[in-house]
Amino acid sequence: MLYPLSYEGWASIRAGLDDAPTLAANRYAWRLIAAIWEGLVIQETLRAALADAGVAEGLDVPAEIGLERPANPDHGDWSSNLAMVCSKQVDGPPRDLAARLVERLGAASIGHVRGVEIAGPGFINFRLDDGWLHDVLVSVHEAGVDGYGRSAVGAGRSINVEYVSANPTGPLHAGHGRGAIYGDAVASLLEATGWDVTRETYINDRGTQMQTYADSLTARAAGEEPPEGGYMGQYIADWAAEMPADADALEWGYARALQDQREVLDALGITFDVWFSERSLVGDGAIEDALERLRAREMVYEADGAVWLRSTEFGDDKDRVLVRSNGEFTYLTPDIAYHAQKFSRSDELINVWGADHHGYIARMKAAMAALGQNPDALDVRVTQMVKLMRDGEEVKLSKRTGDIVELRDVVDEVGADATRFTYLLQSVDSQQTFDLAHAASKQMDNPVFGTQYAHARLRRIADVRAAEVGVTRGPIEDADLSLLTQARELEILRVLFDGPGMVELAAAERAPHRLVQWVRDLASAVNSWYQDDECRVISEGNSAALTQARLQLVEAARIGLAAGLGILGVGAPESMWMDEAE
RNA sequence: GCCUCCGUAGCUCAGCGGAAGAGCACCUGGCUUCGAACCAGGUGGUCGCAGGUUCGAAUCCUGCCGGGGGCUCCA
């Protein structure tokens, strides 16, 4: 590993590992070791130093010492709130405690730290030399596109991510798209952090809506209007025209709808490990088994000729019917069996549902609790609605479905990468306005374009421009990275430092938009750097060593963009010339 | 009525316990130089309102106001 660790807290590592009074320092020593192992070490070095200072000051040091990179450069490179958090433990204002801590810190020599100061209500601000950022560059190279941002925090745990789960009675619409791409990105984030992930979708291929769908197809095939309450979209007529005269309308229509859905999902790069058929639960008696388990636990009762689940005992508003008085299951019952089955395959479950299913969460969690499962191991994520716009006007109609916009139309109009990226731009907690024209735009005001463009620019420098002047990037060990001193060069490295933490955060929060935000930040840093004459990679005024150092930076930034986009399922193009893109 | 999401710059939205942000729009400036499909600078905000918790609240809690969604022996 490439970190010349000058922090003398190493002494405390050796001395303190079995020294009970310095348990806190001990904990930080181990964290420091782990950080060195993972390559990004500066944060834990500072934490270990702060922990030592705190322990020496007699403080009960918190398990997670607050340490962040302030947005305002006046506040230094790193900033800690330790003195404020611990001020209750001692007499006097936080700034005084901070002063004592800083004094103790000064005694140690901490790698890359040039100065420590107290600011505001008691922040301890560290100023570092640029070397810590050059270390970042090396670690990015070592990780590469396939390793950068990835970690093992979820290792050893399995998780099932269920998304899309649409009725096989027609095409997917734009609302499905949000859940589909969100679920897929969450699955990728969890994979990137070491989880054993199953991507799964549930097919509601049983029940009354299938018969309604079949009746609608049959009616259209006979040249009639669909029955009352039937499916009215133009696609029904189109598909009916394709349907062979002797086909079973339900089975044929089922296959047709599934094929249609699969095509769009394929176009978006979404593939499932498991397509779970609701019917299969009937075949293997899983529904009856689940009911039996609930009965055995005395979680059901009969009333008014129906079978009820005591879901109110687990926080639901009301008890829920499992078997109607006419003897049929409600929608809930097979779904309970399905979730129980998923729990037999994975440690944890994530469901991605549309906002209209929000009210369903409490009863499903209650059902899991009634079965003896931990309801907290079922994480239901709800995606708020999407409104489609084009040039400021709402788009409501689709060619085939009549009343809703098909996902296929979105992909056809803006392309798969832009569709994915645009859906992922915002938190799924907020309603989204998806402007089709904007998402397809080939200008910097479109974040998709700006990000991919940044990657293409880097490729152009590294592959084309360097070759034109007969330069190739050598081994990073031979590069003098200390030549990278320009503000915009260092800014790229700062953003690259944040990447792995952002992936971890985005995975933990199931919030891909956090990673999107980071990728945009990196692209923005790259695009600014690119236009800066002081940062030119290929230039007559540059020494060979400077060119080499900058080529290493180009590759690191490229790795960051490609890895981030890769986890999001968005392409990192080598070129974006219009004629090549079309 | 109950549950839930949202309310931050003119617009679209991040930030969700630590020292108010981005893009667009608007104003100004920059192409004989790695792609100006670009870049830089500037204007612009009592973070819906009122209490509370905290050394510290856009961020947590409570109540209200405004908007979306849901409350079915539908799926």
Side-chain angles (χ1 to χ4, degrees), chain A residues 66 68 70-72 74-75 79-81 83-88 93-95 119-123 125 166-167 169 204 206-210 212 229 278 303-308 316-318 320-332 335 354-362 382-385 387 389 392 425-435 438 441-447 449-450 453 456-458 460-462 464-466 468-469 509 511 513-514 516-518 520-521 524 527-533 535-541 550 554 575-578 581:
Chain A
E68 59 176 30
N72 183 344
D74 293 344
H75 301 145
S79 178
S80 177
N81 62 5
M84 282 126 76
V85 171
C86 292
S87 68
K88 272 163 294 198
R95 281 191 70 110
F123 287 104
N125 293 342
N167 291 333
T169 56
N204 299 121
R206 211 188 62 88
T208 52
Q209 87 284 348
M210 289 297 287
T212 307
E278 183 181 347
D304 304 326
V307 178
W308 297 73
D316 198 3
D317 290 344
K318 54 177 78 170
R320 303 293 172 177
V321 173
L322 294 176
V323 185
R324 287 181 233 158
S325 49
N326 68 5
E328 288 177 21
F329 297 127
T330 61
Y331 176 82
L332 180 62
D335 220 10
D356 55 340
H357 282 62
H358 170 83
Y360 200 70
I361 297 173
V382 166
T383 63
Q384 297 299 320
M385 295 180 69
K387 183 159 65 169
M389 310 283 282
L425 275 173
Q426 275 163 245
S427 158
V428 289
D429 288 341
S430 300
Q431 292 182 28
Q432 183 171 34
T433 304
F434 187 130
D435 191 300
H438 188 244
S441 155
K442 300 270 191 286
Q443 289 183 7
M444 278 297 180
D445 61 351
N446 176 8
F449 175 81
Y453 191 37
R457 282 176 150 174
L458 294 172
R460 172 129 183 113
I461 296 171
V464 179
R465 283 291 305 159
E468 282 171 14
V469 295
E509 292 186 350
H513 76 279
R514 295 283 208 134
V516 172
Q517 196 77 28
W518 176 82
R520 292 175 66 185
D521 287 345
S524 170
N527 285 322
S528 295
W529 161 88
Y530 181 89
Q531 289 281 341
D532 189 337
D533 285 344
C535 296
R536 207 158 266 284
V537 177
I538 308 297
S539 172
E540 286 181 13
R550 288 183 172 170
V554 167
S575 165
M576 293 195 69
W577 285 107
M578 250 183 180

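When reading the values below, keep in mind they use all heavy atoms of this one structure, side chains included, and skip hydrogens, waters and symmetry mates. Below, read A as the first sequence line, B as the second, and so on, with proteins coming before strands; counting in each chain starts at 1. Given the structure is predicted, the values throughout are model-derived calculations rather than measurements.
A:Val428 places none of its side-chain heavy atoms less than 4.5 Å from the side chain of A:Val382. Counting only heavy atoms from C-beta outward, the side chains of A:Val537 and A:Trp529 approach each other to under 4.5 Å.
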All N/O contacts under 3.5 Å from nucleotides 53-57 of chain B to the protein, with atom names and distances to one decimal?
none

Review item, nucleotides 4-11 of chain B N/O atoms under 3.5 Å of protein N/O:
residue, atom, partner, partner atom, Å
B:U4, O4', A:His358, NE2, 2.9
B:C5, O2', A:Asp429, O, 2.1

Protein-nucleotides 39-48 of chain B N/O pairs closer than 3.5 Å?
residue, atom, partner, partner atom, Å
B:A40, OP1, A:Ser528, OG, 2.3

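Here A:Asn125 lies in heavy-atom contact (under 4.0 Å) with a base. A:Asn204 comes within contact range of no nucleotide atom at all, as no heavy-atom separation falls under 4.0 Å. Within the 4.0 angstrom heavy-atom criterion, only backbone atoms of the sugar-phosphate kind lie near A:His513; the bases stay farther away. Within the 4.0 angstrom heavy-atom criterion, base atoms lie near A:Arg324. When heavy atoms are screened at a 4.0 angstrom cut-off, A:Asp533 is found touching base atoms of the nucleic acid. As judged by a 4.0 angstrom heavy-atom cut-off over every strand, A:Ala119 is placed among the base-contacting residues.
What separates CD of A:Glu540 from C1' of B:U32 is a distance of 13 Å, to the nearest Å. Here the P atom of nucleotide B:G15 and the CG atom of A:Asp521 are 12 Å apart, to the nearest Å. Per the geometry, CE belonging to A:Met210 stands 13 Å off C1' belonging to B:A75, to the nearest Å. As a whole-Å value, the separation of A:Arg460 CZ from B:C38 C1' is 14 Å. Going from atom CD of A:Gln517 over to atom P of B:A22 covers 11 Å, rounded to whole Å. B:G70 atom P lies 18 Å from atom CG of A:Asp316, rounded to whole Å. Nucleotide B:A36 holds its P atom 18 Å from the NZ atom of A:Lys442, rounded to whole Å. Computed from coordinates, the A:Leu332 CG to B:A75 P distance equals 10 Å when rounded to whole Å.
Across B:G48 and B:G29, the matching C1' atoms stand 38 Å from one another, rounded to whole Å. Nucleotides B:A50 and B:U59 have their P atoms positioned 12 Å apart, rounded to a whole Å. B:G7 and B:U12 are spaced 12 Å apart, taking the P atom of each and rounding to whole Å. As rounded to the nearest Å, B:A57 and B:C49 have P atoms that lie 15 Å from one another. Using atom P as the reference point in both B:C24 and B:G41, the two lie 12 Å apart (nearest Å). A gap of 10 Å separates the C1' atoms of B:C47 and B:A9, to the nearest Å. B:C11 sits 23 Å from B:C16 when the C1' atoms are compared, rounded to a whole Å. As rounded to the nearest Å, B:G1 and B:G51 have P atoms that lie 25 Å from one another.
Under 3.5 Å, the side chain of A:Thr208 and the base of B:A75 form no donor-acceptor pair of N or O atoms. No N or O donor and acceptor, one from the side chain of A:Asp356 and one from the base of B:A75, sit under 3.5 Å apart.
With sequence neighbours excluded, the residues that form a side-chain contact (heavy atoms from CB on, under 4.5 Å) with A:Asn446 are A:Ser441, A:Val448, A:Phe449. Residues that satisfy the side chain to side chain donor-acceptor pair (under 3.5 Å) test with A:Ser80, not counting sequence neighbours, are absent from this structure. The side-chain contact (heavy atoms from CB on, under 4.5 Å) search around A:Glu509 returns A:Leu505, A:Ala511, A:Arg514, not counting sequence neighbours. A:Ser87 is linked by a side-chain contact (heavy atoms from CB on, under 4.5 Å) to A:Pro94, counting only residues two or more places apart in sequence or in another chain. Among residues two or more places apart in sequence or in another chain, the side-chain contact (heavy atoms from CB on, under 4.5 Å) test is passed with A:Pro447 by A:Phe421, A:Leu425, A:His438, A:Arg520. Legend: residues meeting ring pair (Phe, Tyr, Trp, His ring centres under 6.0 Å) with A:Phe123, ordered by chain and number and at least two apart, are absent. Looking at residues two or more places apart in sequence or on another chain, you find a side chain to side chain donor-acceptor pair (under 3.5 Å) between A:Asp316 and A:Ser311, A:Arg320. Take A:Gln432 and apply the side chain to side chain donor-acceptor pair (under 3.5 Å) test, not counting sequence neighbours, and it matches A:Arg178. The salt bridge (Lys or Arg N to Asp or Glu O under 4.0 Å) search around A:Glu468 returns A:Arg465, not counting sequence neighbours.
B:G1 is paired with B:C71 under the Watson-Crick or G-U wobble criterion, all donor-acceptor distances under 3.5 Å. Checking B:G51 for Watson-Crick or G-U wobble geometry (two distances, each under 3.5 Å) identifies B:C61 as its partner. Figure legend. B:G66 is base-paired to B:C6; pairs are counted as Watson-Crick or G-U wobble with both atom distances under 3.5 Å. Nucleotide B:G23 forms a Watson-Crick or G-U wobble pair with B:C11, both donor-acceptor distances falling under 3.5 Å. The nucleotide B:C16 finds no pairing partner, because no Watson-Crick or G-U wobble arrangement with both distances shorter than 3.5 Å includes it. B:U32 makes up no base pair with any nucleotide shown, lacking Watson-Crick or G-U wobble contacts both under 3.5 Å. Nucleotide B:G56 has no partner under the Watson-Crick or G-U criteria, as no pair reaches both atom distances under 3.5 Å.
Between A:Glu278 and A:Arg206, the closest heavy-atom pair is OE2-NE, 3.2 Å.
Listed candidates were B:C73, B:C16, B:G23. Nearest to the side chain of A:Arg514 is B:C16. In the set B:A19, B:G15, B:A75, the nucleotide with an atom closest to the side chain of A:Tyr331 is B:A75.
Residue side chain A:Phe123 meets the stacking definition with respect to B:A19: its ring centre sits within less than 5.5 angstrom of the base's six-membered ring centre, and the planes differ by less than 30 degrees.
Taking the nucleotide of RNA chain B with the nearest heavy atom to each of A:Ala303 and A:Arg465, the more 5' of the two is matched to A:Arg465. Judged by closest nucleotide on RNA chain B, A:Phe449 is the one of A:Arg320 and A:Phe449 placed further toward the 5' end.
The main-chain N or O of A:Asn204 is found under 3.5 Å from a side-chain atom of A:Gln209 such that the two form a donor-acceptor pair. Without hydrogens or angle criteria, A:Arg95 side chain to A:Ala83 main chain gives no donor-acceptor distance under 3.5 Å.
Atom OG of A:Ser524 is separated from atom CH2 of A:Trp518 by 12.5 Å, given to the nearest 0.5 angstrom.
Not one side-chain nitrogen or oxygen of A:Thr330 sits closer than 4.0 Å to the OP1 or OP2 atom of B:A75.
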